[in-house]
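Below is one structure, written out as structure tokens; comments come after it.
This one's a predicted model, so the numbers in the text were calculated from it and none came from an experiment. Just so it is clear: chains get the letters A, B, ... in the order the sequence lines come, proteins before strands, and each one is counted from 1.
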Amino acid sequence: MQPLPVEFYARDTTLVAKELLGTLLVHRSPEGITVGRIVETEAYLQGDPACHASRGMTPRNSVMFGPPGHAYVYFTYGMHYCFNVVTASEGVGEAVLIRALEPIEGLELMRKRRGRDRLHELCGGPARLVQAFGITKEHNKKDLTTGPLFIAPSPDPPPDIYITTRIGIKEGADLPLRFYIQGNKFISKK
DNA sequence: GGAACGATTGAT
DNA sequence: TCAATCGTTCCT
């Protein structure tokens with residue numbers, strides 16, 4: 001499996017969020033490999049009030065303004081981490097949040113890391129998939145086109161995409177920037 | 001220096 | 001429906 005090249009990420013963020021559906025998130029960690037099919041994403045755009053980068057660069061969000069194809073991992077609610085991929089051109093603070101995966105490989109490792117058995121509880125939610133894949137704050141700013149954590153092209157035909165509003169935000173809650181594979185059983189909310 | 005809050009999750 | 005839990009951001 002080959003990582004998607006930087007050219008994939010260096011495009012319109014909304015387009016990247018849609019085209020990430022069906023691709024494979026891969027982590028070759030010391031504990032073992034995990035693979036999941038990306039089934040749900042959200043786009044966060046410059047000028048979008050819900051975007052961490054909308055009020056300028058800070059120590060936390062600086063990676064969003066850097067080159068595309070890098071990881072933005074942030075800590076939230078005092079206990080969880082979320083994983084994003086940086087998109088668009090360098091200097092533009094945009095990213096795509098990975099919200100849910102369909103578990104493909106390494107299910108027992110995911111179960112061990114999560115402390116749960118049920119399939120839909122392994123990677124259904126942004127903080128859940130981070131835990132299942134062993135992603136930590138150490139992965140923040142890492143290059144997703146060269147390292148052990150990467151995204152591989154979709155092995156499937158382009159899916160039907162459902163477009164709706166994002167979850168867990170206040171400002172910008174009406175914008176149609178959440179995308180998931182229509183009919184997929186592994187999205188984060190019913 | 002201090003306070004309010006959050007791109008969530010899991011239990012009640 | 002609500003508590004857990006703490007780094008980041010913004011205000012004083």
Side-chain angles (χ1 to χ4, degrees), chain A residues 9 12-21 23 25 34 36 38-66 68 70-88 92-103 110-142 144 149 151 161-181 184-190:
Chain A
Y9 301 99
D12 176 82
T13 297
T14 299
L15 177 65
V16 174
K18 292 178 185 173
E19 294 199 3
L20 278 170
L21 296 176
T23 63
L25 180 65
T34 48
I38 296 177
V39 298
E40 179 183 353
T41 62
E42 286 179 358
Y44 286 86
L45 311 178
Q46 194 108 325
D48 154 20
C51 179
H52 287 170
S54 66
R55 283 170 280 280
M57 195 184 302
T58 67
R60 178 178 67 164
N61 68 25
S62 64
V63 65
M64 296 179 74
F65 293 87
H70 287 240
Y72 171 44
V73 179
Y74 70 89
F75 183 64
T76 191
Y77 289 107
M79 63 188 83
H80 298 301
Y81 291 90
C82 292
F83 169 70
N84 300 250
V85 299
V86 174
T87 55
V92 178
E94 303 192 343
V96 175
L97 172 69
I98 309 301
R99 284 200 59 94
L101 308 172
E102 178 176 337
M110 295 182 196
R111 288 191 167 102
K112 178 183 161 199
R113 284 169 169 159
R114 289 276 300 129
R116 311 203 160 244
D117 282 345
R118 295 221 295 282
L119 203 53
H120 72 274
E121 289 184 311
L122 296 181
C123 301
R128 287 172 167 180
L129 70 90
V130 159
Q131 189 179 33
F133 272 62
I135 296 170
T136 70
K137 62 184 177 186
E138 304 306 315
H139 290 94
N140 191 39
K141 304 188 181 186
K142 286 286 191 300
L144 298 172
L149 179 66
I151 299 174
I161 299 173
Y162 192 88
I163 304 175
T164 183
T165 52
R166 296 172 294 180
I167 292 175
I169 56 170
K170 295 198 174 105
E171 295 180 296
D174 56 329
L175 299 173
L177 293 174
R178 176 173 172 236
F179 310 96
Y180 62 82
I181 296 180
N184 189 275
K185 297 186 280 265
F186 294 92
I187 60 172
S188 63
K189 296 274 194 272
K190 187 196 88 177

For the side chain of A:Asn61 and the backbone of A:Gly56, is there at least one donor-acceptor N/O pair under 3.5 Å apart?
yes
For residues 93-103 of chain A, which side-chain donor-acceptor pairs fall under 3.5 Å, sequence neighbours excluded?
residue  : atom : partner  : partner atom : Å
A:Glu94  : OE1  : A:Thr13  : OG1          : 2.6
A:Glu94  : OE2  : A:Gln46  : N            : 2.9
A:Arg99  : NE   : A:Glu40  : OE2          : 3.0
A:Arg99  : NE   : A:Ser188 : OG           : 3.3
A:Arg99  : NH2  : A:Ser188 : OG           : 3.1
A:Glu102 : OE1  : A:Arg37  : NH1          : 3.2
A:Glu102 : OE1  : A:Asn184 : ND2          : 3.1

Nearest 0.5 angstrom please: A:Asn84 CG to A:Asn140 CG, how far?
9.5 Å
Is it true that a side-chain atom of A:His120 and a backbone atom of A:Phe186 form a donor plus acceptor pair closer than 3.5 Å?
no
In the structure I gave you, are the side-chain heavy atoms of A:Lys137 and A:Phe75 within less than 4.5 Å of one another anywhere?
no
Using the rule side-chain contact (heavy atoms from CB on, under 4.5 Å), only one of A:Val39, A:Thr164, A:Thr14 pairs with A:Phe179; which is it?
A:Thr14
With a 4.0 Å cut-off on heavy atoms, is A:Arg178 in touch with a base, just the backbone sugar-phosphate, or nothing at all?
nothing
Is the distance from OP1 or OP2 of B:dT9 to the nearest side-chain N or O of A:Arg114 less than 4.0 Å?
no
Using a strict heavy-atom distance below 4.0 Å, which residues from residues 118-129 of chain A are in contact with DNA chain C?
none
Please output the side-chain donor-acceptor pairs of residues 121-128 of chain A that fall under 3.5 Å, not counting sequence neighbours, one pair per line with the distance.
residue  : atom : partner  : partner atom : Å
A:Arg128 : NH1  : A:Gly124 : O            : 3.0

Reckon A:Arg116 has a side-chain N or O less than 4.0 Å from the OP1 or OP2 of B:dA11?
yes
Using a 4.5 Å cut-off on heavy atoms from C-beta on, say whether the side chain of A:Leu149 contacts that of A:Lys142.
no
What parts of residues 57-65 of chain A reach DNA chain C, counting only heavy atoms under 4.0 Å away?
A:Thr58, A:Pro59, A:Arg60
Does a donor on one side chain sit under 3.5 Å from an acceptor on the other, for A:Tyr72 and A:His52?
yes
For DNA chain C, please output the secondary structure as dot-bracket, reading 5' to 3'. Pairs are Watson-Crick or G-U wobble, both atom distances under 3.5 Å; mark crossing pairs with [ ], other-strand partners with |, unpaired with a dot.
||||.||||||.
Check: A:Arg113/A:Gln131 side-chain N/O donor and acceptor closer than 3.5 Å:
no
Distances under 3.5 Å between nitrogen or oxygen atoms of protein and nucleotides 4-6 of chain B:
residue : atom : partner  : partner atom : Å
B:dG6   : OP2  : A:Lys170 : NZ           : 3.0

